[in-house]
Amino acid sequence: METKEIFGPWKKGYVLDQHMLSSEFVGYSSSGIAQYNSKRSELGELLYQGKYLNNKSSIKIIGDLCIDFLNSSKIYPDLILPIPPSKEREWNLVFEVSKYISQSIKCKYNNESINKIKETKEIKSIGDFETRENEIKGAFNMESKSVTGKRVLLVDDLYSSGSTMYEVATLVSSKGDAIDVFVLCFTYTKSKS
């Protein structure tokens, strides 16, 4: 894995691995959609299988990788909060992995403390950083009492520009009275801007 540290309004933040190893444009489909020959990292493939193909075996594998990393980094949260998705799906990989981690390390889990209050486009599909920031600004609200006096771990699947994580972490830090805020994302991709 190619773990990298990320910086923002949190005490410590990490992304476990890169998402894509390579991606080569191969042409357009008959319907005009761009097609790529892509090679994902092992963790990137697990994320893809779980998120888009509903492969639920990804939950335990990704969860165990996260737990090992948290233990080796000496990050011991009291509460895990998954980042709400841009797009609703049949089931949510980030929620399921977060729940798995919380049960395994015996800490609280809450997927209702952070609420999305504004519809947004999928942030990963927006190329310009400033447009991304404007799209996500004010998109979340939270139940502040849920984080009071706690070491909070925010979990997300894909880190690109960091605009979503920055927005949520700022909200948790400013509105809540958390002791510490930590961030853990499964994979990262290069920002398009």
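Computation of the quantities below employed the complete heavy-atom set of this structure, encompassing side-chain atoms and omitting hydrogens, waters and symmetry-equivalent molecules. Nothing here was measured: the structure is a model prediction, and the numbers come from that model.
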J.: Is there a path of hydrophobic side-chain contacts, each under 4.5 Å between heavy atoms of I, L, V, M, F, W or Y residues, that connects I62 with I101?
T.: yes
J.: For D78, what residues pass the salt bridge (Lys or Arg N to Asp or Glu O under 4.0 Å) criterion, not counting sequence neighbours?
T.: R151
J.: Please check if the side chain of S73 supplies one atom and the backbone of I75 the other of a donor-acceptor pair under 3.5 Å.
T.: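 No, the answer is negative, given that no donor and acceptor are paired below the 3.5 Å cut-off.
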J.: May I ask you to check whether Y188 and E2 show a side-chain donor-acceptor distance below 3.5 Å?
T.: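 There is such a pair between these side chains.
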J.: Let me see the working for D17 and L65 under side-chain contact (heavy atoms from CB on, under 4.5 Å), right down to the final yes or no.
T.: CA-CA 11 Å; D17 202 358; L65 288 169; over 6 Å; no
J.: Could you go through F186 and D156, starting from their C-alpha distance and side-chain angles, then the distance that decides it, and tell me whether this counts as side-chain contact (heavy atoms from CB on, under 4.5 Å)?
T.: CA-CA 7 Å; F186 307 151; D156 205 358; over 6 Å; no
J.: Are L81 and M165 grouped together when hydrophobic residues (ILVMFWY) are joined by side-chain heavy atoms under 4.5 angstrom apart?
T.: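 Yes.
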J.: Assess whether side-chain contact (heavy atoms from CB on, under 4.5 Å) is satisfied between T164 and Y159, documenting all intermediate values.
T.: CA-CA 9 Å; T164 301; Y159 184 91; over 6 Å; no
J.: To the nearest 0.5 Å, what is the distance between CG on D180 and OG on S173?
T.: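 Between D180 CG and S173 OG, I get 9.5 Å after rounding to 0.5 Å.
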J.: Run the side-chain contact (heavy atoms from CB on, under 4.5 Å) test on I114 and L154 for me, step by step, so that the C-alpha distance in whole Å, both residues' side-chain angles and the decisive distance to 0.1 Å come before the verdict.
T.: CA-CA 10 Å; I114 302 168; L154 300 174; 3.9 Å; yes
J.: Please confirm whether the backbone N or O of L46 pairs with a side-chain atom of S58, one donor and one acceptor, at under 3.5 Å?
T.: yes
J.: Quick one: pull up CD in E112 and CE in M142 and give me the separation to the nearest 0.5 Å.
T.: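 Here the interatomic distance stands at 13.0 Å.
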J.: Between G63 and Y100, which heavy-atom pair has the shortest distance, and what is it?
T.: CA-CD2, 3.7 Å
J.: Would you mind listing every ring-ring contact (aromatic ring centres under 6.0 Å, His included) that reaches into residues 3-49, with sequence neighbours excluded?
T.: Y14-F69, F25-Y28, F25-Y36, Y48-Y52
J.: For R40 and L21, which heavy atoms make the closest approach, and how far apart are they?
T.: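 Result for this residue pair: O-CD1, 3.7 Å.
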J.: Could you state whether W91 and L47 fall into the same hydrophobic cluster, counting links through intermediate Ile, Leu, Val, Met, Phe, Trp or Tyr residues with side-chain heavy atoms under 4.5 angstrom apart?
T.: yes
J.: Without swapping roles, check the side chain of S102 against the backbone of K99 for a donor-acceptor pair under 3.5 Å.
T.: yes
J.: Taking Q18's backbone N and O only, do any of them form a donor-acceptor pair with S41's side chain (distance below 3.5 Å, no angle check)?
T.: yes
J.: Tell me whether I105 shares a hydrophobic cluster with F95, the cluster being built from Ile, Leu, Val, Met, Phe, Trp, Tyr side chains joined at under 4.5 Å.
T.: no
J.: Can you find a heavy atom in the side chain of N92 that is under 4.5 Å from one in the side chain of N111?
T.: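 When only atoms from C-beta onward are counted, N111 and N92 do not touch, as no gap falls below 4.5 Å.
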J.: Could you state whether I67 and Y76 fall into the same hydrophobic cluster, counting links through intermediate Ile, Leu, Val, Met, Phe, Trp or Tyr residues with side-chain heavy atoms under 4.5 angstrom apart?
T.: no
J.: How long is the span from the CG atom in L79 to the SG atom in C107, to the nearest 0.5 Å?
T.: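 Output value for this atom pair is 7.0 Å.
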